[in-house]
Amino acid sequence: MTINWTEIESKWRERWSKNKDFETDPNEKEKKFITVAYPYPNSPQHIGHGRTYTLADVHARFYRMRGFNVLFPMAFHYTGTPILGMAKRVESNDAEIINNLKNLYHVPENTIKEFIEPVKIADYFHEEIKTGMIEMGYSIDWRREFTTIDPVYSKFIEWQINTLQKKNLIIQGSHPVGWCPKDQNPVSQHDTLGDVEPDFTEYILIKFQFEEHVIPTATLRPETIFGVVNLWVNPEIVYKKISVDGEKWIVSSECAYKLEFLDKKISYEGEIRGSDLIGKSVKVPNSDKIIMILPANFVESETGTGMVMSVPAHAPFDYQALIDLRKSDLSYDLVSKIKEIQPISIIETKGFGDNPAKEIVERFGISNQTDPKLEEATKEVYGKEFYEGKLKENTKQFAGIKVSFAKDRIKDWLIEKNYGSILLELTNTPVKCRCGEECVVKVLNNQWFLNYKDKDWKDKAIQCFSLMNILPHEIRSEFTYVIGWLRERACARQHGLGTKLPWDKNWIVESLSDSVIYMAYYTISKFVNDKRLVAENLGDEFFDYIFLGKGDIFEISKLTKISHDLINEIKHEFEYFYPVDSRHSGRDLVPNHLTFFVLNHVAIFPENNWPREIVVNGSVLMNGSKMSKSMGNIIPLRKAIEDYGADPIRLAIIISAELLQDADFNMDSVSGLRVKLETLLEDCSKSKVEKIEYLESEDRWIKSKAQSLVVQITHAIEKMRLREALHDILYSFDSDLSWYLKRANSKNRKNIFGILHEINSIRVAMLSPFAPHIAEEMWEKLGNTKMISKSGWPDLSEKIDSRAILSEELLKIIIDDVANILKVTKITPQKITIYTASSFKSKTYHFILGKIIGGQTNMGLIMKDLISNPELQAIKKNPDFVQKTIKDILSDPPEIRKFKTESKEFNEKQFLFDELLDIGKKEFEVPISIYSENDTDIYDPKGKARNARPFKPAILIE
RNA sequence: GCGGGAGUCGCCCAGCCUGGCCAAAGGCGUAGGGCUUAGGACCCUAUCUCUUAGGAGUUCGUGGGUUCGAAUCCCACCUCCCGCACCA
């Protein structure tokens, strides 16, 4: 059967929308508030974006069916810089972005022209994404939609920021950023050519005194100041004499330029050639030691200060350069002085002697300072010394400290004594701004921060996490860790869309700070959208009253010119839906958004409104590899829906991986699932309501099986183990049904449609949150008039018929065993005889079962107990039976053991007599006879009967 | 380095939390059969080794340990992946 997916899906979407099925208002029912991180509309959504939303939608639909009043809203995050960057690129007619917009995103050309205005970009993709969400069948209450630049939202953010400010959680300070000197703007990944993130590192400058000048050398290893024996300059470089905050320094011109951005006062006062410095002496800080300046060509003017201190005991470059110099053509006088220079060893490391640099240079077979292997040698020495090394006695107050700890202490000491300073430098140079200018590191000294390092704040967040449900639980420790290392975080920036800082209009609230408590805003956006609430007159008092219950309603009504009734209605809306019951997001947001979400909630809201749950999912791979523009493997969601239908895509996304795992998406599985759904739809069309008078064994069995699946699937969804749940719905039902049909067919039954209808109804109901459109269609085919998405979840309380489960298991075992014997022996059967165990064995079996359930599994002890029971002691003649029975029982799952205890009176022979003959005949096409092993008329030519055990009859095949 | 995750029968990937339905689900691939004019799709069967009686042996990164019993719990080690900030 081929079906028209587009038609079916739009049919049901229209009905949902017409009936306003997902528009949720407060009522008398228990609520669930489920939210997902809203999208940033700078591109159409692809399959990868669909994952988080689909998971959340299934979650929402599940709880709706279970009788909760579920609010599942959506909004759009306009705030942020990437869109700004895009607009700039469109304006400058950047070929790459125009091409992407046109050919990858299929934006009409006239629209692209408008994209020089950032809001137009956001507006366009906003609609695009929203349409995709509707097409995916997400059960969203669209009445609450908003964007983060809406005027009322800005008022809300001002309230948030003011509230944090009042609690002294916002501080001002200096902060380094990547910076474009031409645009006078911070740069991030979106602002650079090639989309590189500016990456910088902190060098420690150590100040050596040279006449009236300071020569600063840059290092990552400040501890080596105790082992310095000379300085290196590059004789080719012309150095600058500059004044830095009143001090006279000599540095390379590149360094001087970098210093200009580091919050220092710089003026230029002259030049000096590197060659002129050679042979000159400088004084080592905190010491009377005088050392020489020597030439080395590995010194680069663009790195650090263009001056390097030499620590030949621990730095392979320095060691090698000294060796090279001894053989050089410098003056005899100088060379002889150089020969006197001895490395000073300051770090003790297991596996290294007194001069690690020498050892490693020799081991690597390095012959001069231009050898590229020196890089690797340096890395190895540094790595080992940093993590395993300890400082020696000659490091004075730092002696005995591990290098990894000493580094920061020495840095602080150097700066405090003015022996040192800090230089920030890009490590992945050159980083070019989109305007073409080369970027630098700039220290901003009036930046606003959220003070996430505040101990009390952290403690509160930790407490909130401990009360929260975190799914999957593996991710919990990651949150704990993030809270641990979190420090101040910049919460404002100088350009982009967004809300201005209330007290400093030069700054805009940063996009990771204006998106942390907006879930509360969903409870009022409804009133904004129906025009009952406007930005005018809204101030902090209003939000204080609605969200925190602070203030006086008369006062607020007067200030805002809003009626008491409306204020109370809005307040009730918030109080009904808050707190957030479940927050869904991708795992990339764990170290930032999700953690900030908790931090901001605990800072602003009282404990009863703290979030209850976080659900984190992994990303989506396309055919095993990451989706990326350059790979060309991005599939736009709407295109995929058009080609395959929304439901198959939803299922493929869910079934391809457990929550936290990266989901490997491929179109083959989509088509496979589509066929599966089509088959199921066909089955539903065939089954009909039919009353059945008498339930046969297999009827009771399939009903019990279905019932236990309902329980299993429900629990799986509660834990968001959707893959597992979906798998059971699609496949476990199938294997049970195929056994059922086999049984029914062997009896030539014609009255199974009622049972099939019942089973399919349960199955379709549980499928509905996953594949909502086709499930409605199936539900209709099953003869229902109400919609499944509004109907109930299958009943969990129904009983499981343990006897039916056991007896069908017995049948399966016998058929398996016979097939097994036939396979091994390769005989063609003429006649099959089955022998069930004696009642004596059955009694013994239940005795042993009781022992095992009581925890006794030791064969010897069980045997002893058996022998001490006069009724059962005869079993000692058959220890083999006891042994095998113990093994049988141990290999049963606990549930089956329980069932077996419950059905002591189960008459195997009678059951097999009633049920095995038909199906056995059908399977093996020979007559089957059944005896109990102590029947007097037994036919047992090969003496097989004595091997019979309960639930494991003996078999004779001839 | 710090923190997290993972290593399973040709491949992908379940199972591990809660030890015993586990020689280990499902998908792909492969082989045989059915259907079909053919291809595709679909359906059935097989797919660690041995086995003329339902069994046995060896497997879940490596090496130990706990237990009557370990893919599952504990310890150590090896390998791979991800995050480490002002960016949504």
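Order of the sequence lines sets the chain letters (A, B, ...), proteins ahead of strands, with each chain counted from 1.
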*Could you run through nucleotides 11-20 of chain B and give me one letter per nucleotide, 5' to 3': B if any protein heavy atom sits under 4.0 Å from the base, S if only the sugar-phosphate is that close, - if neither?*
--SSSSBB-B
*Kindly say whether A:Leu599 contributes a backbone atom to a donor-acceptor pair with the side chain of A:Trp457 at under 3.5 angstrom?*
yes
*Base, sugar-phosphate, or nothing: which does A:Asp816 touch, judged by heavy atoms less than 4.0 Å apart?*
nothing
*Determine whether the aromatic ring centres of A:Tyr845 and A:Phe881 lie less than 6.0 Å apart.*
no
*asked:* Any base atoms under 4.0 Å from A:Ile896, or only sugar-phosphate, or nothing? Heavy atoms, all strands.
replied: nothing
*B:rU66 pairs with which nucleotide, Watson-Crick or G-U wobble, both distances below 3.5 Å?*
none
*If you look at every strand shown and take non-hydrogen atoms under 4.0 Å, does A:Arg493 touch a base, only sugar-phosphate, or nothing?*
sugar-phosphate
*If you look at every strand shown and take non-hydrogen atoms under 4.0 Å, does A:Leu512 touch a base, only sugar-phosphate, or nothing?*
base
*When the C1' atoms of B:rG3 and B:rA71 are considered, how many whole Å apart are they?*
26 Å
*Would you mind telling me which residue lines up with the more 5' stretch of RNA chain B, A:Ala490 or A:Glu478, judged by nearest nucleotide?*
A:Glu478
_side-chain N/O A:Thr81 vs B:rA88 OP1/OP2, d < 4.0 Å_ = yes
*Is A:Lys952 salt-bridged to A:Asp888, going by a charged N under 4.0 Å from an acidic O?*
no
*Across all strands, who's sitting opposite B:rC16 as a Watson-Crick or G-U wobble pair, both distances under 3.5 Å?*
none
*Which residue, A:His77, A:Arg493, A:His593, forms the side chain to side chain donor-acceptor pair (under 3.5 Å) with A:Ser511?*
A:Arg493
*Do A:Glu478 and A:Arg587 sit within salt-bridge range, that is, some charged N less than 4.0 Å from a carboxylate O?*
yes
*Taking 4.0 angstrom as the limit, do A:Asp880 and A:Lys884 come out as a salt bridge?*
yes
*May I ask you to say what A:Ile813 touches in the nucleic acid, namely base, sugar-phosphate or nothing, with a heavy-atom cut-off under 4.0 Å?*
nothing
_Regarding A:Pro953, tell me which of base, sugar-phosphate or nothing describes its non-hydrogen contacts under 4.0 Å with the strands shown._
base
*NA contact type, A:Ala819, heavy-atom cut-off 4.0 Å: base, sugar-phosphate, or nothing?*
nothing
*So what does A:Ile886 touch, heavy atoms closer than 4.0 Å: a base, only the sugar-phosphate, or nothing?*
nothing
*asked:* So for A:Asp817 and B:rG54, does any side-chain atom that can act as donor or acceptor lie under 3.5 Å from a complementary atom in the base?
replied: yes
*Is the cationic atom of A:Lys900 (NZ for Lys, CZ for Arg) positioned less than 6.0 Å from the six-membered ring centroid of A:Phe951 and within 45 degrees of its normal?*
yes
*For A:Gln447, answer base if it contacts any base atom (sugar-phosphate contacts may also be present), sugar-phosphate if it contacts only those atoms, and nothing otherwise; contact means non-hydrogen atoms under 4.0 Å.*
nothing
_Under 4.0 Å, counting only non-hydrogen atoms across every strand here, what does A:Tyr40 touch: a base, just sugar-phosphate, or nothing?_
sugar-phosphate
